[in-house]
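Right, one structure below, let's go through it.
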Amino acid sequence: MYHHHKNGSLERRAQASNGDIATTNATNGTVGASNSNSNSITRLLGNPRIDHMPDNYEDLPLDFNPLVFTSLERHLPSHILTLSRDLKAHYMSNILLRYLPHSERVRMQKQKEYRLKIILNYPPLHKEIYTMLSENFFAPSFLRAIKDNTEASFRSIMAEPSRGIYTFEIFQPHFCEMLISEVDHFERWVHETKFRIMRPNTMNQYGAVLDDFGLESMLDKLMNDFIRPIARVFFSEIGGSTLDSHHGFAVEYGANRDVELGFHVDDAEVTLNICLGTQFSGGELFFRGVRCDEHVNTETQSGEVFDYPHVPGHAVLHSGRHRHGARPTISGNRINLILWCRSSAFREIKKYQREFPSWCGECRRKKKERERIAVAATKAELLKRELKSAS
Ligand SMILES: O=C(O)CCC(=O)C(=O)O
Ligand SMILES: [Fe+2]
């Protein structure tokens, strides 16, 4: 991500990526894992068992997209196929890990150990927020819209105050309070035990990664069951229907906290930003148009300027490439839950796309400009011919 204050250039909000990978390539014949100290234990069948019905892995905490596991299961040797789902998942994880670069594998392993160390030691304050209980978490209007699962039902609870920016009520006040006190409780525990934690990203001094202290699976459910259905409708051209990993964290502003957040784009296809509270003034989000990598620092067009004042319990859903920042929180405290939702499929496809992306405001503007010039040239040419034949 890129970040700039008033005059500099945009900063990239750096955060170690979540470890998405491309699916493995099954060749014909046997795919042997290249590990010198295990001869033949991890061998896959080259041809899938078409008649085998694979397990569903969506509810397991896995390092890779559950769909990869479902596909890969058809390639398992028979002595593995009969094992429990957990063991099969473990076996397949080991295979998949070998397709990652060494550095990525090390990073994932370190993250796992880090999270485990926290989870084994940190005593949660509100156990009830660690598993998704939609009736207790969400505003009734939001739940109804998700249940209906149509564009019309989503539109009925949403505003789109500026192109590509959707706002709606999402959380019940009570749930916001519990989340805030859980984050406070965690911060206090960190302080008291002198535990060295990692901040959500390079731009925040404060705030906590919710995924690190036990909320990962709850947030995964939030993304899969509640946000992806919406993103599928409104962000389909930027991978909204294939969101498959997330980075979930809380940002805190006010006295003894961060003050503001500079201009940046997120390391996300789709960003969910929910204000949890409490009492504050200032802290507005400012948006300045969607940009592709190439145009991230280009000028803002007048139609792209949009400011949004946060409302507790309400969410803003936007493209991660929508350039934005947060104004200083002038008084009080503001705490927001941020869920960066990513699509490994979209990122993979993007690598091979040569055409201009239609979702970039600058690419669109340039294309229009080219069209305008072409039309003007054609008109001029026609006029010239008319004049010629008239004379
Ligand atoms: O403070 C906010 O509401 C914005 C936070 C944000 O943009 C981010 O964390 O990526
Ligand atoms: Fe952001």
Side-chain angles (χ1 to χ4, degrees), residues 1-5 9-18 161-162 164-171 176 179-180 183 198-212 215 219 222-223 227 231 235 238 243 245-291 293 296 304 306-342:
M1 285 135 294
Y2 316 80
H3 157 234
H4 81 182
H5 280 186
S9 65
L10 231 72
E11 182 176 320
R12 207 177 140 86
R13 290 204 70 175
Q15 180 260 330
S17 81
N18 240 5
S162 178
I165 298 169
Y166 301 89
T167 65
F168 49 95
E169 188 184 0
I170 184 163
F171 285 160
C176 290
L179 253 177
I180 290 178
V183 173
M198 299 195 278
R199 294 300 173 184
N201 51 61
T202 51
M203 286 170 70
N204 301 82
Q205 302 273 9
Y206 295 89
V209 179
L210 304 177
D211 296 318
D212 288 345
L215 286 164
L219 292 176
L222 171 61
M223 181 183 78
I227 299 307
F235 297 102
I238 54 161
L243 301 176
S245 74
H246 76 262
H247 177 52
F249 55 99
V251 286
E252 301 171 80
Y253 304 88
N256 310 320
R257 294 284 186 267
D258 287 313
V259 175
E260 62 184 337
L261 189 63
F263 198 33
H264 67 278
V265 292
D266 299 333
D267 181 8
E269 269 61 67
V270 176
T271 297
L272 176 72
N273 179 344
I274 304 170
C275 184
L276 302 175
T278 50
Q279 303 266 327
F280 58 89
S281 62
E284 299 85 3
L285 284 178
F286 56 94
F287 288 95
R288 297 295 182 264
V290 182
R291 292 291 184 276
D293 274 332
V296 73
E304 296 178 317
F306 174 66
D307 284 29
Y308 170 79
H310 278 297
V311 179
H314 287 231
V316 186
L317 195 65
H318 61 83
S319 157
R321 305 291 319 181
H322 210 133
R323 302 178 301 176
H324 62 284
R327 294 244 154 74
T329 295
I330 300 166
S331 68
N333 282 294
R334 175 168 78 83
I335 172 162
N336 281 49
L337 184 164
I338 314 286
L339 194 67
W340 285 352
C341 304
R342 298 166 178 150

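Atoms within each ligand, like the ligands themselves, are counted from 1 in listed order. Quick note: residue numbers are just sequence positions, from 1.
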Does only the side chain of [X] get under 4.0 Å from ligand 1, or the backbone, or both, or neither? Count heavy atoms.
X	value
Asn201	neither
Asn273	side chain
Arg334	side chain

Parallel, tilted or perpendicular, as decided by the 30° and 60° cut-offs, for the rings of His322 and His318: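 Correct class here is perpendicular.
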I need the atoms of ligand 1 closer than 4.0 Å to a non-hydrogen atom of [X], numbered in the order shown.
X	answer
Phe249	9 (O)
Tyr253	1 (O), 2 (C), 5 (C)
Leu285	2 (C), 3 (O), 4 (C)

Opening angle at the Fe ion (ligand 2) [OD1, Asp266; NE2, His264; to 10 degrees]: 90°
His324: its N/O/S atom lying closest to the Fe ion (ligand 2) (atom name): NE2
Salt-bridge criterion met for Asp266 and Arg323 (N-O under 4.0 Å): no
Closest to atom 6 (C) of ligand 1 among Asp258, Leu261, Asp267 (heavy-atom distance):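 Nearest option to atom 6 (C) of ligand 1, by heavy atoms: Leu261.
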His264 side-chain N/O to His324 backbone N/O, donor-acceptor pair under 3.5 Å: yes
